[in-house]
Amino acid sequence: MSETPTRPVTAVILVAAGSGQRLGYGMPKAAVPLGGEPILMHALRGIVASGVSSQVCIALPAGDSALRQLCEDFQEELADGGPLLSMVDGGATRADSVRAGMAALMDGIEAVLVHDAARALTPESVFHRVVNALAAGAAAVIPTVAVVDTVKTVAATTGEDSALAPEVVTGTAPREDLRAVQTPQGFQLSTLLKAHEAAGTLNQQQAAAVTDDAMLVEMLGTPVHAVRGSSQSLKITTPLDLILAEGLLEGPLGARWVEG
């Protein structure tokens, strides 16, 4: 009978510096209310409940004293032995925020989960699947869900065709090979540091094309493994997403206990 691999000492970098403009609340996304509490609090409670991390490093909008105070108050609630909470100012880009988080990691951290606060209802089981894959030896692992829609590639129309429609279909991607990617994305810390160091050589156009940390690791030629995500891990970006998240919270089973 094989032994269960020892989990690495893990930190979570919680990216919570988004402006939230598309939600229309006139405040940072992390502060937008969801079920009577800011989105940030749901994300923090989910991370702590999973029990996977020794430290949670939260990248907040620069100068946002209200959200920082919220985190400090939550830290006091965790005085009985929860993870260390560290707050940093997020950067102009997501990658900048992740790098700010890595710079604040305490000594002894071996693995890092990069998580979006906007995926505030991610079930605890997803955190465990990611960390277990890292413990088994993966250098990088992401949670994914199958793509249910048919996905087509398109190009802008030109000439007379532009009067018909703005785009024309150029192909249909094989749906069985496609996955929608979620967070938390997990990495051995050495791998993530190396990936972000290499990203420093990208030009502006190349950097703008990078949408997650896994892409940076892929550019190193390092395999990125995938585990099962959850339909509960929706990213709250638009008013409709917020309505769906509210519905999940009000459901009979509660969002964190339902796997999709």
Side-chain angles (χ1 to χ4, degrees), residues 8-20 28-30 39-40 43-44 46-47 50 52-64 67-68 71 83-120 122 126-127 130-131 133-134 138-144 181-220 222 224-226 229 233 235-237:
V9 181
T10 302
V12 176
I13 296 175
L14 183 62
V15 182
S19 66
K29 184 189 294 186
I39 285 174
L40 177 60
L44 282 173
I47 293 168
S50 74
V52 301
S53 63
S54 300
Q55 180 184 14
V56 182
C57 191
I58 309 143
L60 298 169
D64 193 313
L67 284 175
R68 184 174 288 267
C71 294
L84 170 69
L85 299 190
S86 305
M87 286 74 77
V88 299
D89 286 341
T93 67
R94 187 179 187 280
D96 289 337
S97 293
V98 172
R99 283 190 279 272
M102 285 194 290
L105 295 179
M106 61 187 184
D107 292 341
I109 294 297
E110 300 170 318
V112 175
L113 306 188
V114 180
H115 189 41
D116 292 332
R119 296 190 188 274
T122 298
V126 176
F127 288 91
V130 172
V131 173
L134 292 174
V141 57
I142 57 176
T144 68
V181 178
Q182 301 177 333
T183 68
Q185 297 187 353
F187 308 92
Q188 301 296 339
L189 178 56
S190 58
T191 298
L192 189 59
L193 286 169
K194 185 177 179 182
H196 275 268
E197 182 179 355
T201 64
L202 301 177
N203 62 38
Q204 188 174 2
Q205 183 177 5
Q206 291 170 325
V210 175
T211 54
D212 67 358
D213 294 274
M215 282 185 69
L216 294 178
V217 173
E218 291 166 44
M219 291 176 182
L220 295 178
T222 301
V224 176
H225 291 83
S233 301
K235 188 174 185 180
I236 302 170
T237 302

For Ala214 and Ile142, the nearest pair of non-hydrogen atoms, with its separation, is CB-CG2, 3.8 Å
Would Val210 and Met219 satisfy side chain to side chain contact (heavy atoms under 4.5 Å, CB included), going step by step from the backbone distance to the final call?
CA-CA 10 Å; Val210 175; Met219 291 176 182; 3.5 Å; yes
Main-chain N/O of Leu189 paired to Glu110 side chain as donor or acceptor, under 3.5 Å
no
Can you measure from CG (Asp213) to CZ (Arg99) and round to the nearest 0.5 angstrom?
9.0 Å
Taking the side chain as every heavy atom from C-beta outward, state whether Gln185 and Val217 have any atom pair closer than 4.5 Å.
no
For the student: nearest non-hydrogen atoms of Gly63 and Asp89, plus distance:
N-OD1, 3.7 Å
Could you tabulate the donor-acceptor pairs under 3.5 Å formed by side-chain atoms of residues 53-61, not counting sequence neighbours?
unit_1 : atom_1 : unit_2 : atom_2 : d
Gln55  : OE1    : Met106 : N      : 2.9
Gln55  : NE2    : Ser86  : OG     : 2.9
Gln55  : NE2    : Ala104 : O      : 3.1

Who pairs with Asp107 by side chain to side chain contact (heavy atoms under 4.5 Å, CB included), at least two apart in sequence or on another chain?
none
Just so I know, are the side chains of Met102 and Leu193 near enough to count as touching, which here means a heavy-atom distance under 4.5 Å?
yes
Quick check: closest heavy atoms across Leu220 and Ala198, and the distance to 0.1 Å?
CD2-CB, 3.9 Å
Tell me, with the steps shown, if Leu113 and Ile13 meet side chain to side chain contact (heavy atoms under 4.5 Å, CB included).
CA-CA 6 Å; Leu113 306 188; Ile13 296 175; over 6 Å; no
Residue list, side chain to side chain contact (heavy atoms under 4.5 Å, CB included) with Gln206, at least two apart or on another chain:
Leu202, Asn203
Side chain to side chain contact (heavy atoms under 4.5 Å, CB included) assessment of Val112 paired with Thr10
CA-CA 6 Å; Val112 175; Thr10 302; over 6 Å; no
Which heavy atom in Ala138 sits nearest to a heavy atom in His225, and how many Å separate them?
CB-ND1, 4.1 Å
Contact between Ile39 and Ile236 at the side-chain level, heavy atoms closer than 4.5 Å - yes or no?
yes
In Å, rounded to the nearest 0.5 Å, how long is the span from OG of Ser97 to CG of Leu14?
10.5 Å
Please tell me if the side chains of Met215 and Thr211 come closer than 4.5 Å, counting only heavy atoms from C-beta onward.
yes
So CD1 of Ile47 and OG1 of Thr122: to nearest 0.5 Å the spacing works out to 8.5 Å
If I take atom CD from residue Gln182 and atom NE2 from residue His115, how far apart are they, to the nearest 0.5 angstrom?
9.5 Å
What's the verdict on side chain to side chain contact (heavy atoms under 4.5 Å, CB included) for His196 and Val98, showing C-alpha distance, side-chain angles and the deciding distance?
CA-CA 9 Å; His196 275 268; Val98 172; 3.6 Å; yes
Could you tell me which non-hydrogen atom of Phe127 sits nearest to which non-hydrogen atom of Val52, and how far apart they are?
CB-CG1, 4.1 Å
Hey, is the main chain of Arg119 close enough, under 3.5 Å, to the side chain of Asp116 for a donor-acceptor pair?
no
Taking all non-hydrogen atoms of both residues into account, name the closest pair between Val130 and Pro184 and its distance.
CG2-O, 3.5 Å
Considering only NZ, NE, NH1 and NH2 on the basic side and carboxylate oxygens on the acidic side, decide whether Arg94 and Asp212 come within less than 4.0 Å.
no
Rounded at 0.5 Å granularity, tell me how far OG1 in Thr183 sits from NZ in Lys235.
8.0 Å
